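Computed from a prediction, not measured in an experiment: that's the story for all the values here. Residue numbers begin at 1 in each chain, while the letters A, B, ... track the order of the sequences.
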Amino acid sequence: MRDIWKVARWEFMRNVTNKQFIIGLLITPIIMVAFAGLPALLERWNQPAQVTYYVLDEAGVLPVLREGAPDNLTFAVPTDPAEIEQEVRDADAAGYLVVRSDFVETGTVDLVLNEMSSEGRSYIQAVLTQYLQQHRMQHSDLDWEALQYVTAPTKIRVGTLPHVELPVGEEIAVSTVFVLLVFILVFSSGTMLMQSALQEKRDRMAEVVLSSISPGALMQGKILGHFLLGVLQLAFWLILIIPAAVMLLDFPVGEALMKADLGKLAFFGLGAYLLYAALFVGMGATMEDLQSAGNSQGMVIMLPMLSFLFIAPVVSNPNGVVAVLASIFPFTSSVIMIVRSSMVSVPLWQMVLSAGLLVLTAAALAMMSAKIFRVGMLMYGKTASMSEIVKWLRYKEE
Amino acid sequence: MEARALVVDAVNKSFGDKHVVKNVSFQAQAGEILGILGPNGAGKTTTIRMIMGITAPDSGNIIFEMNGTQTRTVPKDLVGYLPEERGLYKEARVMQILLFLASLKNVPRHLAKQRAARWLAKFELEEYANAKVEQLSKGMAQKVQFIAAVLHEPKFIVLDEPFSGLDPVSQDLFKEEIRQLAASGAVVLLSSHQMNIVEELCDRIFLIDHGREVVSGRLADIKERYGNYRVYVDAPLGVDSLMRLPTVAGWEQVSEERWIIFLRDDARLEEFFHQIPLDAGLRELRVIRPSLHDIFVKIATGREIA
C-alpha cells in the first residue's frame with residue numbers, strides 16, 4: 001500500500017506541476033463556457049430579419065393581422081394601391097397581400113412575393129384561418145356554444161399515487177451534471193493514465209521502477225494518482241461552476257444536492273472510473289506510442305462513448321428494454337443508471353444486478369490489466385497485437 | 001572462503017513455448033564483480049530480471065544471503081539495477097527523479113537528498129540538480145541513471161551495459177566507482193559487450209548462450225582453458241618441422257614466410273619451446289594469448305580463434 005501511495009503521489013505531483021495540465025485546467029472551463037454559450041450567441045445572431053408585407057385590405061383584417069404579429073413582422077398599408085408593386089420594390093418589402101371583400105366567402109387571399117421567402121407566411125395563414133372560422137361560424141346557423149363544446153381540446157390533469165414521487169427538475173439536473181463529470185473524469189483521467197503507462201515505457205523507466213516495486217503497485221499507484229488528479233480537476237471546475245450556477249442561473253445548488261442520492265451517484269461514478277482506468281492503463285502498456293494504436297486499442301479508447309449512444313432512447317423510454325439492458329451492461333451501466341434512476345424509480349433487483357456486474361467486471365478487468373501491464377511494460381519497440389495480448393494473459397507469474 | 005551472497009540455482013524460464021533460460025546456476029560473493037556475458041538474445045536480460053525480481057523463474061531458486069541469513073524473496077531495498085533499456089522521465093527534474101526512486105527503496109528523504117547531492121557533485125552534475133532531464137546530454141543522463149541505481153547503497157547491484165555511449169573519461173570514472181562499490185562489500189553483476197572492460201574489472205565471468213551456461217569461472221582459469229596459445233612465426237624455410245610437433249593443433253599461412261601456429265588447448269608453453277628443433281630456421285617468434293573478446297567469439301560462434 002505504501003508503494004501504491006508513493007507512485008500515486010509521484011504521478012500527482014509530476015502532473016500537477018506540468019504546464020500542459022495547468023493549461024488544460026484553466027482552458028477547459030473556458031472551452032466549456034464557450035460551448036455552452038455558443039448556441040445562445042448563435043441564436044442571438046440568428047434573429048429573424050425584419051419582414052414587411054403590404055396589405056390591400058378590403059375585408060378589414062388588418063387589425064387582426066397586426067395584433068399578434070411577431071416583432072419582426074410588419075403589415076403596412078400602401079399609399080397608392082395602384083402603385084403597390086412599385087412601393088413594395090422601393091421598400092424592399094417581402095411582398096403584398098390582397099384580401100378581397102369576399103374573403104369570408106372564398107376563403108382565399110393572394111400573396112404576391114418580392115423574394116422567395118416563407119417568412120411570416122404560416123403566421124398569416126394561421127391568423128386568417130382563425131378569422132375565417134370565427135366569421136363563418138358566427139354567420140352560420142350552427143349553435144356557437146355547442147360548436148365550442150364539440151371542438152374543445154382535452155386537458156390533462158397530472159397527479160400521483162401517495163407514495164410516488166415524480167422526479168423533480170433539481171434531481172435530473174444534478175444527475176445530468178454528475179454524468180457529465182463522470183464522463184470527463186473517465187475520459188481525461190483515462191487518457192492521461194494511458195499516456196502515463198506509455199511514457200513509462202517511452203522513457204525506459206519501467207524496468208528500474210519494477211526492480212523496486214511490484215507491477216501491481218505501479219499500476220494501482222498510477223490509477224490512484226490520476227484519480228486524484230481528475231478529482232482535483234473536477235473540484236476546481238465545480239468551484240467555478242457552482243457560484244456561477246447560483247448567481248447567473250438562480251439554480252438552488254444546495255437544495256438540489258440534498259435531493260440527489262449522492263451515495264448512488266458516487267458508487268456508479270467510481271465504478272465507471274475504476275473499470276475504464278483498469279482498461280486504459282492496461283491498453284497503455286500494450287502500445288509503443290499513441291500513433292501506433294491498432295484497431296482494437298482504438299475501439300477500447302472509444303468505449304466510454306458507448307453510453308451516449310443510449311442516452312436518447314433511455315430518456316424517451318426509461319423503462320424500455322434498451323434502457324434496462326444498457327443500465328445493467330457494465331460498460332454503459334454507470335452513466336445510464338444515473339440517468340435512468342433520476343427519471344424513474346428503478347426496481348431494486350436491476351440496481352443490485354447492475355452494481356454487482358459493475359464491481360465484478362471492474363475487478364476482472366483490473367486483474368487482466370495487471371497481467372497485461374506486467375508483461376507489456378517490459379516490451380519495447382512495438383505495439384502488441386491482439387493475439388500477443390491474449391498470449392500474455394496466459395503467462396503464469398508467481 | 002568468502003561468504004556467498006547470491007546463489008542462482010537451476011533456474012528455468014519460458015515465455016509460452018519459448019524456453020529462454022535453461023537450468024542456469026551460478027554464485028557470487030560479497031565484494032566480487034561477476035561478469036555476465038553472452039551474445040544478444042542469449043537469456044542474459046531474463047536472468048537479470050529474475051534476479052531483480054521483475055519476473056519470477058518457472059523453477060529453480062534465487063537465494064540472497066546477508067549477514068548469515070538467507071532469503072528467497074528479492075530484498076528490493078537492497079538491490080540496485082541499471083538496466084540496458086534505460087532512461088529517465090523526460091519532463092521531470094534530476095533531483096525529483098532521484099528522490100522518487102530513492103523513496104521506492106525506502107530511503108528517508110533527507111538522507112536521499114544528501115546522498116544525491118554528494119553523487120551529483122562526484123559526477124560534476126551539481127548544477128543540474130534542478131535541470132529537466134531533457135536538458136541533459138546522453139552521458140550526463142547516464143550518470144544520473146547510475147546514481148539512481150546506487151543511491152540507496154545496495155548490496156546487490158546489476159549493471160547492464162553501463163559503459164555504452166560513455167566517453168573514455170566517464171568510462172574510467174564509472175570503472176572506479178564500480179570497483180569501490182565492490183570494495184565496500186556489494187555483489188556487482190556486470191553485463192557488457194566491451195570485453196576489454198570486463199577483463200579489466202571482473203574477477204569471474206559467467207557466459208550464457210541460448211539460455212544455457214556455456215562457461216563460468218575465474219577469468220584466468222577460463223583463459224587457461226579456452227585461450228590456446230597462438231604463435232606467430234617468421235620462417236623463411238617453412239614450418240614443416242613445427243607442424244609435426246605434438247603440442248601443435250593447427251596452422252595458418254599468413255604470407256609467404258609467415259604463419260600462425262595454434263597450440264593444443266592443453267599445451268604448455270615450455271613444452272612447445274622445448275620441442276622446437278634447433279634447425280627450424282626461425283627468424284622471429286611471438287606468442288599471443290587470446291583476449292576475452294576472442295574467447296567470447298570462439299565460444300559464441302564455435303569458430304577457431306584466428
Side-chain angles (χ1 to χ4, degrees), chain A residues 2-22 195-196 198-218 221-222 225 288 371 373-381 387-398, chain B residues 13-18 45-46 48-59 73-93 96-107 109 132-134 141 144-146 148-149 151-152 154 156-158 160:
Chain A
R2 274 183 67 195
D3 290 339
I4 297 174
W5 182 241
K6 283 176 197 166
V7 175
R9 201 177 53 192
W10 168 250
E11 290 287 337
F12 184 88
M13 293 310 292
R14 187 155 76 104
N15 283 293
V16 91
T17 51
N18 185 306
K19 254 185 247 158
Q20 265 180 316
F21 179 80
I22 296 170
Q195 270 176 347
S196 163
L198 275 173
Q199 262 177 10
E200 201 87 29
K201 284 176 75 173
R202 184 202 66 193
D203 293 345
R204 300 290 189 259
M205 284 302 290
E207 219 166 326
V208 171
V209 173
L210 293 181
S211 72
S212 302
I213 57 170
S214 70
L218 176 61
K222 279 184 182 294
E288 184 60 14
K371 278 193 153 196
F373 193 81
R374 189 185 284 270
V375 185
M377 288 307 276
L378 298 172
M379 294 279 168
Y380 303 116
S387 62
E388 277 171 312
I389 296 172
V390 172
K391 210 159 70 186
W392 296 355
L393 286 171
R394 291 198 188 130
Y395 285 166
K396 284 203 182 88
E397 198 68 55
E398 288 171 303
Chain B
K13 180 75 189 176
S14 299
F15 292 110
D17 50 6
K18 230 167 132 190
T45 302
T46 307
I48 288 172
R49 283 178 179 174
M50 286 191 286
I51 295 171
M52 287 290 109
I54 295 173
T55 42
D58 297 337
S59 67
T73 327
V74 182
K76 293 219 165 192
D77 291 356
L78 294 178
V79 300
Y81 184 29
L82 182 69
E84 187 181 8
E85 287 282 0
R86 56 179 170 250
L88 294 165
Y89 299 109
K90 281 195 184 60
E91 304 86 10
R93 296 177 194 282
Q96 279 180 336
I97 296 178
L98 290 176
L99 293 182
F100 167 61
L101 293 174
S103 82
L104 294 183
K105 298 288 191 187
N106 295 313
V107 181
R109 196 175 166 85
K132 284 195 173 176
V133 166
E134 51 203 4
V144 176
Q145 290 152 3
F146 184 87
L151 192 66
H152 55 293
F156 307 90
I157 304 165
V158 176
D160 200 349

Best-contacting candidate, B:Ser103, B:Ala92, B:Ala149, against chain A by heavy atom pairs under 4.5 angstrom | B:Ser103

Which region of B:Gln96, side chain (C-beta onward) or backbone (N, CA, C, O), has a non-hydrogen atom less than 4.5 Å from a non-hydrogen atom of chain A, or is it both or neither?
-> both

What is the minimum heavy-atom distance between A:Leu210 and B:Lys76, and which atoms define it?
-> O-NZ, 3.1 Å

Tell me, side chain or backbone of B:Ile97 under 4.5 Å from chain A's heavy atoms, or both, or neither?
-> both

Donor-acceptor under 3.5 Å (B:Lys105 side chain, B:Leu151 main chain) = no

Residue, of B:Val79, B:Asn106, B:Leu82, that accumulates the most heavy atom pairs under 4.5 Å with chain A | B:Asn106

So, the part of A:Gln199 with a heavy atom under 4.5 Å from chain B: the answer is side chain

Applying a strict 4.5 Å limit to non-hydrogen atoms, the region of B:Glu91 in contact with chain A is side chain

Can you list the steps and then say if A:Arg204 with B:Glu85 is a salt bridge (Lys or Arg N to Asp or Glu O under 4.0 Å)?
-> CA-CA 6 Å; A:Arg204 300 290 189 259; B:Glu85 287 282 0; 2.6 Å; yes

Report the relative orientation of the aromatic rings in A:Trp10 and B:Phe100; use parallel for angles under 30°, tilted for 30 to 60°, perpendicular for over 60°.
-> parallel

Residue pair A:Ser196 / A:Lys222, side-chain donor-acceptor N/O under 3.5 Å | yes

Looking at B:Gly80 and B:Pro154, what are the two nearest heavy atoms and their distance?
-> N-CB, 3.5 Å

Ranking A:Pro215, A:Ser211, A:Ser214 by heavy-atom pairs under 4.5 Å to chain B gives rank one to A:Ser211

Measuring heavy-atom distances to chain B, does A:Arg202 have an atom under 4.5 Å in its side chain, in its backbone, in both, or in neither?
-> both

So, the part of B:Arg49 with a heavy atom under 4.5 Å from chain A: the answer is side chain

Just one of B:Leu101, B:Leu88, B:Leu104 clears the side-chain contact (heavy atoms from CB on, under 4.5 Å) bar with A:Val208, so which one?
-> B:Leu101

